[in-house]
Amino acid sequence: MSNVKLDYKNSGITDKEIMKYKEKVIKIHNEFNENANDENAFLGWLHLPTNYDKKEFERIKKAAKRINKTSEIFVVIGIGGSYLGARAVIQSLTNTFYNVLDKKKRKAPQILYAGNNMSSDYLQDLIDYIGDKEISINVISKSGTTTEPAIAFRIFREILETKYGIEEARKRIYVTTDKQKGALRKLAEEEGYETFVIPDNIGGRYSVLTAVGLLPIATAGIDIEKLMKGAAYAEDKYSDGNLKYNDCYKYAVIRNILYKLYKNTEILVNYEPKLHYFTEWWKQLFGESEGKDQLGIFPTGVDFTTDLHSMGQYIQQGRRNLFETVINVIEPKSDIIIKEDEDNIDGLNFLDGKTVSFVNKKAMEGTIEAHVEGDVPNILLNLDRLDEETIGHLIYFFEKACAMSGKILGVNPFDQPGVEAYKKKMFKLLGKPGY
């Protein structure tokens, strides 16, 4: 079983400081478990890895196989939690150049995204790229009225109906939405689209292990059984309410202690480009969960070593309101040996026989040491490797840590009232009735 291990020796926070939160943590932990079955508590993710809809899970796998047989491209239409989790997992677990590989090597359709912005140039470029290629789409929206995906779905529905005719288009449109209500549910029932459910008690940013994320992930050829197995392992591992034995809760506590020390910006750091969109998912998870009532740690992220050449200076010597959480993948999937060069123009012959991953690790270790000396506390999350079980584990780790962290902070980590503010202004400017 792949594992995730917390190392906080460079955080500046002691076990004694952490354990001061012991009683608060056990109280919140008990509240989570007591309210786990309350439809209005948005805790459906808590036991999801072991209590998911097995019949729907099998339908997801069958749909993914069908899409693979009929489509060169699978367009995922959604925004925020409706696409970030799937994109994070797909990027983490597939070839870096997955979408440009020949399908024989890829063994799955290209996965492309729409409805995650309102750029006409983006949409037109995507349409131009698709051209005459065989496609299917998955529109993901609980209500069906979220502006960005609703516009994209209108456009792609018309493209499919024009290209294939109404009957065949219906077979290529997959809808993930509310179980009973909403505009998209109504349309799906009228048209006979195959549908999957966004559970009522799971918010979008906690939904990656539901059909929201699982259909695109399975379509990309990723083993969703193993993904859920890793999450189930994490569910069990972090089920202990005793802070002393729960790394997930320790991470939540350390974040809040640092916040009280005016470290109000957290940078999620990776040294593997495959984790870029995992950072984007994490940013939404923590930003939307904690940023309320003029409170919360600002979540941001960097891809090292790339961003050491752009953000490194600021992190080293800028405002001291920062701390970093570093994701360290211990075993790379592949490695390259650096060989001696006769001319040695670059002066790198001292690396002869060493591997690129070895150099990457030393860059990580040196950066952590330098940043800690520069008063940037560091938390380290060690992952055995990037595989389905580890990513499933890491997803659950962050979801539960986020819920605990928000509760310690004193906000509701499951709502997002501020998201509606810009929509009201936008709809008024657009002349929408009622605004």
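Computation of the quantities below employed the complete heavy-atom set of this structure, encompassing side-chain atoms and omitting hydrogens, waters and symmetry-equivalent molecules. Keep in mind that what you see is a predicted model, and the values were worked out from it rather than measured.
With hydrogens and angles ignored, the 3.5 Å screen pairs a side-chain donor or acceptor of Lys292 with a backbone N or O of Asp415. One N or O on the side chain of Asp53 and one on the backbone of Glu56 form a donor-acceptor pair closer than 3.5 Å. Between the Asn344 side chain and the Leu348 main chain, a donor and an acceptor come within less than 3.5 Å of each other. Side-chain atoms of Ser119 come within 3.5 Å of backbone N or O of Tyr122 as a donor-acceptor pair. Listed for the Arg59 side chain is a donor-acceptor partner under 3.5 Å among the backbone atoms of Thr195. In terms of modelled atom types and a separation under 3.5 Å, the side chain of Thr177 and the main chain of Lys142 share a donor-acceptor contact. Of the possible polar contacts, one joining the Asp307 side chain to the Asp303 backbone as a donor-acceptor pair under 3.5 Å is found. Side chain of Asn10 to main chain of Val372: no donor-acceptor pair is present (N/O by atom type, distance under 3.5 Å, no hydrogens or angles). Thr390 places a side-chain N or O within donor-acceptor distance of the main-chain N or O of Arg385, the cut-off being under 3.5 Å. Proximity of a side-chain donor or acceptor of Tyr259 to a complementary backbone N or O of Gly296 within less than 3.5 Å is detected.
Nearest heavy atom pair, residue Gly144 against residue Leu184, reads CA-CB, 3.6 Å. Heavy atoms only, all atoms of each residue included: Phe323 and Thr325 are closest at CE1-OG1, 4.2 Å. The two residues Ala363 and Thr305 come nearest to each other via the heavy atoms CB-CG2, 3.8 Å. Of all non-hydrogen atoms in Val411 and Leu295, the two that sit nearest each other are CG1-CD1, 4.0 Å. Closest non-hydrogen pair, Lys263 versus Pro377, comes out as CE-CD, 3.8 Å. Taking all atoms of both residues into account, the shortest heavy-atom contact from Ser136 to Thr70 is OG-OG1, 4.0 Å.
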Check your understanding: Passes side-chain contact (heavy atoms from CB on, under 4.5 Å), Ile379 versus Ile254? Steps please.
Key -> CA-CA 9 Å; Ile379 302 165; Ile254 292 166; 3.7 Å; yes
Practice item. Tell me, with the steps shown, if Glu191 and Arg157 meet salt bridge (charged side-chain N to carboxylate O under 4.0 Å, His left out). Key: CA-CA 11 Å; Glu191 296 292 333; Arg157 181 186 174 196; 3.2 Å; yes
**Study point:** CA sep, side-chain torsions, deciding dist, call: Asp178, Lys181, salt bridge (charged side-chain N to carboxylate O under 4.0 Å, His left out)
**Key:** CA-CA 6 Å; Asp178 190 273; Lys181 61 184 185 297; 3.4 Å; yes
Check your understanding: Can you list the steps and then say if Phe42 with Tyr206 is a ring-ring contact (aromatic ring centres under 6.0 Å, His included)?
Key -> CA-CA 9 Å; Phe42 287 92; Tyr206 290 84; 9.3 Å; no
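Checking Ser405 against Arg255 by side-chain atom types alone, a donor-acceptor pair falls below 3.5 Å. No hydrogens or angles considered: nothing links the side chains of Gln284 and Glu280 as a donor-acceptor pair under 3.5 Å. A donor and an acceptor atom, one from each side chain of Glu235 and Thr50, are located under 3.5 Å apart. Remark: the Gln91 side chain and the His276 side chain contain no N/O donor-acceptor pair separated by less than 3.5 Å.
When the ring-ring contact (aromatic ring centres under 6.0 Å, His included) test is applied to Tyr396, no partner is found at least two apart in sequence or on another chain. With sequence neighbours excluded, the residues that form a ring-ring contact (aromatic ring centres under 6.0 Å, His included) with Tyr249 are His29.
With Phe156 as reference, Ile127 is the one residue of Ile127, Val139, Ile173 to meet the side chain to side chain contact (heavy atoms under 4.5 Å, CB included) rule. Results of the side-chain hydrogen bond (donor to acceptor under 3.5 Å, both in side chains) test with Lys237 over Asn3, Asn246, Asp247 single out Asn3 as the only residue that passes. Applying the salt bridge (Lys or Arg N to Asp or Glu O under 4.0 Å) test between Glu194 and each of Arg170, Arg66, Lys62 identifies Arg66 as the sole match.
Residues Gln110 and Glu72 are not in side-chain contact: their nearest non-hydrogen atoms beyond the backbone lie 4.5 Å or more apart. Side-chain contact between Ile73 and Pro109: absent, with no pair of heavy atoms (C-beta onward) separated by less than 4.5 Å. Using a 4.5 Å heavy-atom threshold, the side chains of Phe286 and Leu268 count as separate. Annotation: side chain of Leu386 is in contact with side chain of Ile391 (closest heavy-atom distance under 4.5 Å). Counting only heavy atoms from C-beta outward, the side chains of Trp282 and Pro299 approach each other to under 4.5 Å. Under the 4.5 Å side-chain criterion, counting only non-hydrogen atoms from C-beta, Glu290 is not in contact with Pro413. When side chains are defined from C-beta on, Tyr314 counts as touching Arg319, because their heavy atoms get closer than 4.5 Å. Put simply, the side chain of Asp335 does not reach to within 4.5 Å of the side chain of Phe358, judged on heavy atoms.
Aromatic rings of Tyr238 and His393 (six-membered ring for Trp) have centroids within the 6.0 Å cut-off, being under it. In summary, the aromatic rings of Tyr435 and Phe427 are positioned with their centroids under 6.0 Å apart.
Below 30°, between 30° and 60°, or above 60°: for Tyr174 and Phe74 the angle between ring planes is above 60°, a perpendicular geometry. Classification of the Tyr251-Phe397 ring pair by plane angle, with boundaries at 30° and 60°, yields tilted.
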Under 3.5 Å, sequence neighbours excluded: what are the donor-acceptor pairs made by side chains of residues 220-227?
unit_1: Asp223; atom_1: OD1; unit_2: Glu225; atom_2: N; d: 3.0
unit_1: Asp223; atom_1: OD1; unit_2: Lys226; atom_2: N; d: 3.2
unit_1: Glu225; atom_1: OE2; unit_2: Lys61; atom_2: NZ; d: 2.6

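By the 6.0 Å and 45° rule, Arg172 stacks over the aromatic ring of Tyr164. Seen from the ring of Phe350, Lys354 does not count as a face-on cation partner, given the 6.0 Å and 45° thresholds. In this structure, Lys54 is positioned above the aromatic face of Tyr52, its NZ or CZ under 6.0 Å from the six-membered ring centre and within 45° of the axis.
The residues Lys5 and Asp384 are annotated as not salt-bridged, no charged nitrogen and carboxylate oxygen being separated by less than 4.0 angstrom.
Ile267 CD1 to Thr279 OG1: the interatomic distance, rounded to the nearest 0.5 Å, is 11.5 Å.
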